[in-house]
Amino acid sequence: MSELSKTYDPKSVEPKWYQRWIENDDFQANPKSSKPPFSIVMPPPNITGVLTLGHVLNNTIQDILARRARMQGKEVLWLPGMDHAGIGTQTAVEKWLRKNEGVTRHDLGREKFLERVLEWQDKHGGIIIQQLKRLGASCDWSRQRYTFDDAYIHAVQKVFVDLFQKGLIYRGRRMINWDPAAQTALSDEEVVSKPQKGTLYYVRYEGVEDRRHSLEVATTRPETIMADTAVAVHPGDERYAGLIGKHVWRPLVREKIPIIADEAIDPKFGTGVLKVTPAHDKVDFELGQRHHLPVIDVLHPDGRINCPALPDLDKLDRFEARKKAAELLEESGLLVKTEPYENNIGFSDRSEAAIEPRLSEQWFLRYPKTEQALAIVREHLIRFFPGHWEKVYGRWLENIQDWCISRQVWWGHRIPAWHKVGQASRLPITEDRKPEARATEIYVGIEPPPDSGNWTQDPDTLDTWFSSWLWAYETMDQETRNKFYPTSALVTGPDIIFFWVARMIIAGLEFTPGKSDRIEDNIPFRDVFFTGLIRDKQGRKMSKSLGNSPDPLELIDSYGADGVRFGLMRIAPSGQDIRFDEKQIEEGRNFATKLWNAARFRQMHGPSTRVPRIDDQTLSIYAVEMLARLNETIDDVEAAYGEYQFNVVAQRLYDFFWNDYCDWFVEAAKSDIFSGDEAKKNSTLAVMDVALSAVLRLLHPFMPHLTEELWSKFGFGEGSIQFEAPPRRIDVDPGNNQRQIVSAIYQMIEAGRNLRSESHIASNQKAKFVLRADAPQIRKEQETIARLLNASELVVDAGFTADAGTPVAATPAGELLLIAEVDRAAERERLDKEIAKLESELRTVKAKLENKSFVDRAPGAVVEEHRERQRNFAEQLAKLTQARERL
RNA sequence: GGGCGGUUAGCUCAGUGGUAGAGCGUCUCGUUUACACCGAGAGGGUCGGGGGUUCGAAACCCUCACCGCCCACCA
């Protein structure tokens, strides 16, 4: 074994091992292997993405699962890749072009622009993959996939054609969510609603048939008045009963519009009169359909007003037009009043622009297999961790709407549909909306229609998620699928439960990529673990604009990848948001150093054994105790993995190693190591080897580089730690009696240290301690206890008489006295405090035992525990009181 | 409007029926031959409020408050 340097240096250790693992192809998955499979597909980060703490969290968890599975002897596939991210990438490249070259995509034209995107992608894209390697991610990089690989594009288009032929995809003119900034349609899931402070305008619409019967309408959108084609009231609203069927004059662009009645109107809102604007509101559109109202569109796709009849408003941005419209109404005396109003407005998830409901011809998917998708999660064929996400998933599927899958962006999978040139591809508004009505003019197929007529391809692209939903299997060839599909687990954020998780489940059920038709062979994954969201210390979301998002690479530079991984995992409660604090990462680094130094200590005292064994006969009681706690740790860790509680695993290992192993066992073991007794020393060193070997293996999934480094230095096992089996329980049985003795000794040591501190004896000053008890078990351990107390000597003497004023503490092993010059007044005060505390505890226990119900009803063991506690307290109290009296 | 989380020490969080915990921060002591990225000790909490169940509640039930998410076409 080569010598360990004084401090652990992640910068020299981590890259070295990562490179070696790659060179050895340690992460490569072999579909021909006879080992049981374990597989994960990485949620593909956007090609434009850079590593964030969210990625670190997510991928560390996947790496932990992958590495643990390798140790368990499984054939592991962790499949990495990237997402072309249609709107996101297009926006990023457009921004870049505008900034660097001052051109827009329209200046370049579609073809040129796409060339530029590809250029940009090769130059700036995929940084995140290199960054993931710094983290130690054990992905099979030879299988890296991209949603824009040729084969993948083909698969996406094939799925489109297939679903079209099944009648599940159709084209239709409907109200969709329009993003005026990105100028594309969006799915419902891509719209987030946020409360907005605005104004409610009360506008008068004058009566046509009778001037006196004018109506007041409350609206938040006066700029769309020109598109009103009716006003509506509730049929039961007595205020307006006589007016239904009559007409009012529409303001701004004056025209006669009918007063209609519809159940959808809430008489309690505003004045109970709704202006009906079928082109610019979803509810109004449906109302318009029911009442056969015309549709007038007064908005350009970019959100500017399109109304040449009203030059004051025409071409104005919709928000400016709103103010202007209010002014115009005011001038004409039709604005009755305004009041501040807050309502929910939909915003684009991507561009953050306010969404316009817009009537537009788009492609839609009627989701298949929704019932089945619901059932397999409800019946736990797919398990969610934490389980409460099942409800969120269920509610979405129960209220599922058709999916608008076409996008008017250029960067994306081109829709495999063809239009006959010369025929209008956009139909007039009044045309029947049923899809089959236009089946004749459109051809759907990956290749253009064979008749070589004037066909042009549909200009639209597909929603990015329409490609991601195939990720779980389109990334694998048939042989790989046979071995690794369905995947074992999916690790992702709950924010994409609808976007991705649910749709992948549906895709698996619909396209049955598995090796048989059985449902359990076709679901995309068995377990889904939802991570929390990382927030800053104040609980705010991490965001670029707030500047509160630390750069993970800087963290890795400062604390090492293993330190970052461990620190983050220790504070990541399952399923809850995580408050990030760099201090926690520092603790991870500190833990790595602690492990390093404990290993150094072991290494200083001689070579380790390849396969360490312990000798039952020579074990110290401290060793047995430590091994017993190691066994408990192994069990707890096993259980926590079963529930995906990574923070519990990390915390358990941290506690065991730092407290049980380092603070207690190693300190106690120094007696044996420095005793000069070779047999004792070797026995203790063997115990250390057993424990360290186990700890390294337990920690390896969390801290792969450091554990590999130490494993190789110690020479445990044949080769890499990566393929070593996790430790099993060690065969020791301390028995209750021995554990009690160790516990008594440890408590006695704590009491002694406390005495020393309270009596102001410096920690480096040797002091004499006396245990006033007849305790042969303790007498045997005198030397070790003295070491842990930093005592000049420890005397065990039941008949010891001390001077009045000698500091004394009651311990389970007996009275412990500190022999030193002391301040009697201070000692009196200390004893009074301790006595008061004991008395109060005794009172509590006594009261409980005097409660007949407790004694009768509580479990026997609990009652017995209380009795023993009472005896102990009483005994200790008597001794302390005696000592106090002597003072 | 509906649903789901959360509220425990100054901070970040464990703790699902039996003496309230950890780390960090604070204060005191310490460089005692693994580790100052360390060791030892101390202080610090009416477990968000109020009811209830129970011999016993931080935990189970009800209710309220506050914080955070998600869903929903009230203009």
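- Of the P atoms belonging to B/U8 and B/C60, the separation is 16 Å, rounded to the nearest Å.
- Across B/U63 and B/G56, the matching C1' atoms stand 23 Å from one another, rounded to whole Å.
- With both ends at atom P, the span from B/A57 to B/U19 equals 12 Å, rounded to whole Å.
- Residue whose closest nucleotide on RNA chain B sits further toward the 5' end, between A/H605 and A/K583: A/K583.
- B/G50 and B/C13 are spaced 27 Å apart, taking the C1' atom of each and rounding to whole Å.
- Across B/A14 and B/C71, the matching P atoms stand 25 Å from one another, rounded to whole Å.
- Looking at A/I497 and A/W396, their side chains never come closer than 4.5 Å, going by heavy atoms from C-beta outward.
- Looking at A/R395, its side chain has no donor and acceptor atom pair within 3.5 Å of the base of B/C71.
- Among the nucleotides B/A34, B/G56, B/C74, the one closest to the side chain of A/K670 is B/A34.
- Here A/N851 lies in heavy-atom contact (under 4.0 Å) with sugar-phosphate atoms only.
- Neither OP1 nor OP2 of B/C71 sits under 4.0 Å from any side-chain N or O of A/N399.
- Comparing B/C73, B/A34, B/C38 by their closest approach to the side chain of A/R600 singles out B/A34.
- Of the nucleotides present, none pairs with B/C35 by Watson-Crick or G-U wobble criteria with both distances under 3.5 Å.
- At whole-Å resolution of the value, CD1 in A/I355 and C1' in B/C73 are 15 Å apart.
- In this structure, A/K391 reaches the B/C4 phosphate: one of its side-chain N or O atoms is under 4.0 Å from OP1 or OP2.
- At the heavy-atom level, A/N343 lies under 4.0 Å from the strands shown only through sugar-phosphate atoms.
- Rounded to whole angstrom, the span from the CD atom of A/E864 across to the P atom of B/G18 amounts to 18 Å.
- Checking B/G18, B/G41, B/A75 against every side-chain atom of A/S757, the shortest atom distance belongs to B/G41.
- We find that CG of A/N344 is positioned 13 Å from C1' of B/A75, with the value rounded to whole Å.
- For A/A598, counting side-chain heavy atoms from C-beta on, the closest listed nucleotide (B/G39, B/A34, B/C37) is B/A34.
- For A/H866 and A/F854, the ring centers are positioned less than 6.0 Å apart.
- Remark: A/K837 does not engage A/E834 in a salt bridge, criterion side-chain N to carboxylate O under 4.0 Å.
- Distances shown here put every side-chain N or O of A/N597 at or beyond 4.0 Å from the OP1 or OP2 atom of B/C38.
- Between B/G39 and A/W658, a contact under 4.0 Å exists linking OP1 or OP2 to a side-chain N or O.
- Looking at heavy-atom distances under 4.0 Å, A/R869 makes contact with a base.
- Distances shown here put a side-chain N or O of A/K594 below 4.0 Å from the OP1 or OP2 atom of B/G39.
- Pair assignment for B/C74: none, as no Watson-Crick or G-U wobble contacts are both less than 3.5 Å.
- Between A/I749 and A/E667, the residue anchored nearer the 5' end of RNA chain B, judged by the nucleotide with its closest heavy atom, is A/E667.
- In this structure, A/Q196 places its CD atom 17 Å from C1' of B/C74, rounding to the nearest Å.
- The partner of B/G43 is absent, by the rule that a Watson-Crick or G-U pair needs both atom distances under 3.5 Å.
- Cation-pi geometry between A/R570 and A/Y654 is satisfied (NZ or CZ under 6.0 Å from the ring centre, within 45° of the ring normal).
- Atom CD1 in A/I265 sits roughly 8 Å away from atom C1' in B/A75 (whole-Å rounding).
- A/D689 and A/S608 form no side-chain donor-acceptor contact under 3.5 Å, judged by distance and modelled atom types alone.
- Out of B/G41, B/G30, B/A75, the shortest distance to the side chain of A/A762 is found at B/G30.
- Remark: the A/Q645 side chain and the B/A14 base include no donor-acceptor N/O pair separated by less than 3.5 Å.
- Backbone-only engagement by A/Y341 is indicated by non-hydrogen atom pairs under 4.0 Å involving sugar-phosphate atoms exclusively.
- Judged by distance alone with a 3.5 Å cut-off, a donor-acceptor contact links the side chain of A/N790 to the base of B/U32.
- Judged by Watson-Crick or G-U wobble contacts below 3.5 Å, the nucleotide B/C4 has B/G68 as its partner.
- For A/Y8, no side-chain nitrogen or oxygen approaches OP1 or OP2 of B/A34 to under 4.0 Å.
- In this structure, the nucleotide among B/G23, B/A75, B/C70 sitting nearest to the side chain of A/D266 is B/A75.
- Nucleotides B/C38 and B/C24 place their C1' atoms 15 Å apart, quoted to the nearest Å.
- In this structure, A/W389 has its ring center no closer than 6.0 Å to that of A/F384.
- Nucleic acid contact for A/K275: none, since no nucleic acid atom lies under 4.0 Å from a heavy atom of the residue.
- Looking at the side chain of A/N754, the nearest of the listed nucleotides B/A34, B/A42, B/C4 is B/A42.
- One interatomic measurement links the two molecules: CZ of A/R753 to P of B/G39, which rounds to 11 Å at whole-angstrom precision.
- Residue A/K846 contributes atom NZ, which lies 21 Å from atom C1' of B/G18 at whole-angstrom precision.
- The gap from the P atom of B/G2 to that of B/U53 amounts to 29 Å, rounded to the nearest Å.
- Nucleic acid contact for A/E586: none, since no nucleic acid atom lies under 4.0 Å from a heavy atom of the residue.
- At least one test fails for A/K670 against the ring of A/F665: distance under 6.0 Å to the centre or angle within 45° of the axis.
- Among the atoms of the strands shown, base atoms are found under 4.0 Å from some heavy atom of A/S763.
- Across B/C70, B/G18, B/U12, the shortest atom-to-atom separation from the side chain of A/K848 is found for B/G18.
- Across all strands, A/P859 comes closer than 4.0 Å to base atoms (heavy-atom distances).
- Across all strands shown, B/G18 forms a Watson-Crick or G-U wobble pair, both distances under 3.5 Å, with B/C55.
- Whole-Å rounding puts the A/I578 CD1 to B/C13 C1' distance at 12 Å.
- Comparing B/U46 with B/A20, their C1' atoms are spaced 12 Å from each other, to the whole Å.
- The shortest distance between the side-chain N/O atoms of A/N764 and the OP1/OP2 oxygens of B/U31 is below 4.0 Å.
- If you check the side chains of A/Q651 and A/N647, you find no donor sitting under 3.5 Å from an acceptor.
- Note that the OG atom of A/S757 and the CG atom of A/L818 stand 11.0 Å from one another [nearest 0.5 Å].
- Here the CD atom belonging to A/E582 is positioned 6.5 Å from the OG atom belonging to A/S558, to the nearest 0.5 angstrom.
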